[in-house]
Amino acid sequence: MKIKEAKVFVCSPGRNFVTLRITTDEGLHGLGDATLNGREKAVATYLEEYCIPALIGKDPFRIEDIWQYFYRGVYWRRGSVTMAAISAIDMALWDIKGKALGVPVYNLIGGKSRDRILVYSHANGKTLEETVEEVHRHIASGFAAVRAQSGIPGIARTYGVPRDGQPYEPAHRGLPEETVWSTEKYLNFIPRLFRTLRDACGDEVHLLHDAHHRCTPIEAARLVKELEPNHLFWVEDAVPSELQESFRMIRAHSTTPLAVGEVFNTVYDYTTLISEQLIDYIRMPVGHGGGITHALKLAAFASFYHVRTGFHGATDLSPVAMMAALHVDTAIHNFGIQEYMPHQEIVREVFTADFRFDRGYLHVGDSPGLGVDFDEKAASRFPYIRASLPVNRKLDGTLTDW
Ligand code: CS2
Ligand code: MG
C-alpha cells in the first residue's frame, strides 16, 4: 500500500480547525488534526509545502519511520508548528492502519486497559456565586470531575469565563484582544473560591483549577499551599513552564497535585519535571505533541515516575485529536483523566466521532481506525477567518502571560 494523496482542509464551523486527510492507493483514508489555535495557516502551509510532497509514495504502515523522517529528517526540529504537523500525519497513519486491519487504534497499541474514560468538564462563572452554581450544574449533569474558573473581583474579564451566554472560545476573530490582569487580586480570591466550592459540593467531586501560566514560582507556591486543605485533583499550569526547575519551589510547599504541558510539544519539555517527580499529570495534547506515537513514549516515560496522563482536550483541538487522545487514554496503564470540553453543535456538521458520554465518563466505540469522519463538503460551508488568542497586560500595562 502506498500514500497516493494528502490534502489539508482549514474550516471554521464555530471556530477554526485544520484537518489533514491522507489517502492510499487502495482507497483508504486517514485523518489527522493539525489545529494550532491562532496559528492555523502556519501549520497548514508547513504541511502543504514541506510534508505532503515527501509523503506521496511512502508506505503508510511505516508509522515510526515516517515520524522520524519528519522529526529528525528536517533538521530544524521541535516547536509548536512543526510538531502539530507531525501530530496530524501520525494520527492519520494510525487511522489508516486501523482501517486496513479492521480494528480500533486502541487494539494496535496494547488493547483496553479500561472500559471507560474519566473526564472533567469546565465550569465557569463571572462571580464566585455563579461559579458555584455552574459546578453544581455540572455535577447534576453527571460529571465526577469539574474544573472551576471564575471572574476575579476587580478585574474586568479573565481567562476561562465566556462572554454572556456564549460558548467559551478564547480566540477571537481579528487581531489579539488585550485583557488586564492582577495576580495579587487573583491570589487573594481563588482560595476563597475553592473553600466555598468544597463546602458547597462536599468531598466527593474532583475539583480542578487552571492557573494558566500566570504566577511566579513563589506565587504559585502560595496558591497551592493555600488550596491544599481543599484537596484539588490538580492545579494546572501554575507557572510559565519553560524553566522546568521552577516546579522544585512549588513542589516543596504543598501536596496539591500539579499538572502541566498543554503548550509542550515534545518529551524533552518534561525531562526534569518527570524524572524529579515535580508534577503529577502530563497535559501535552496528542494533537500538538507528535501524535499517538509520541504520546505513547511520553506516557511510558511518565509511568516509571508515578506520573499520570491528563491530556489537553479544549475545543481548539478537533474531534479528530479528541478521538486520538481517547484511544491512548483507553490503552495506557497510567491514565489519569481526560479534559472534555464538548464542541459546539455546529462542529458535528463537519466531524462525526464514535464516542459517547455517560455519567462522568467517555466510552470509545469499536470503529476501525480512530472512529472519526470529516465531511469535506460540509466543511466548505465554513470558510476560515483569522482568529487570535488574547494578549494580557498587568494593571500597569506590563505585558504578561495570558
Ligand atoms: C486551557 C485551554 O483547556 C485548558 O486547560 O488552558 O482552553 C487553552 O486556553 C486553549 O487551549 C488555548 O487555545
Ligand atoms: Mg489549561
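None of these values were measured; they are calculated from a predicted model. Indexing begins at 1, ligand by ligand and atom by atom, following the structure's order.
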At less than 4.0 angstrom from any non-hydrogen atom of [X], what atoms of ligand 1 do you find?
X	value
Arg147	1 (C), 3 (O), 4 (C), 5 (O)
Glu236	5 (O)
Asp210	1 (C), 4 (C), 5 (O), 6 (O)

Examine [X] relative to [Y] and say whether NZ or CZ is less than 6.0 Å from the centre of the six-membered ring and inside a 45° cone about the ring axis.
X	Y	answer
Lys297	Trp67	yes
Arg214	Trp181	yes
Arg15	Phe17	yes
Lys41	Tyr46	no

Rounded to 10 degrees, what angle sits at the Mg ion (ligand 2) between Glu236 OE2 and Glu262 OE1?
80°
Taking non-hydrogen atoms only, is Trp402 closer than 4.0 angstrom to ligand 1 via side chain, backbone, both or neither?
side chain
Taking 2.8 Å as the cut-off, does an N/O/S atom of Asp210 lie below it from the Mg ion (ligand 2)?
yes
When the ring planes of His212 and Tyr159 are compared, do they come out parallel, tilted or perpendicular, using 30° and 60° as the limits?
parallel
Which residue and atom name correspond to the protein heavy atom nearest [atom], and how close is it?
atom	result
atom 9 (O) of ligand 1	His212 NE2, 2.9 Å
atom 1 (C) of ligand 1	Tyr159 OH, 2.9 Å
atom 6 (O) of ligand 1	Glu262 OE2, 2.5 Å
atom 3 (O) of ligand 1	Glu339 OE2, 2.4 Å
atom 10 (C) of ligand 1	Asp316 OD1, 3.4 Å
atom 13 (O) of ligand 1	Asn37 ND2, 2.9 Å

Decide if atom [atom1] of [X] counts as having more than 12 heavy atoms of other residues, nucleotides or ligands within a radius under 6.0 Å.
X	atom1	answer
Lys58	NZ	yes
Arg62	CZ	no
Lys394	NZ	no

Of Tyr281, Phe301, Phe264, Tyr305, which is the lone residue that meets ring pair (Phe, Tyr, Trp, His ring centres under 6.0 Å) with Tyr270?
Phe264
Is there at least one pair of N or O atoms, one from His312 and one from ligand 1, spaced under 3.5 Å apart?
yes
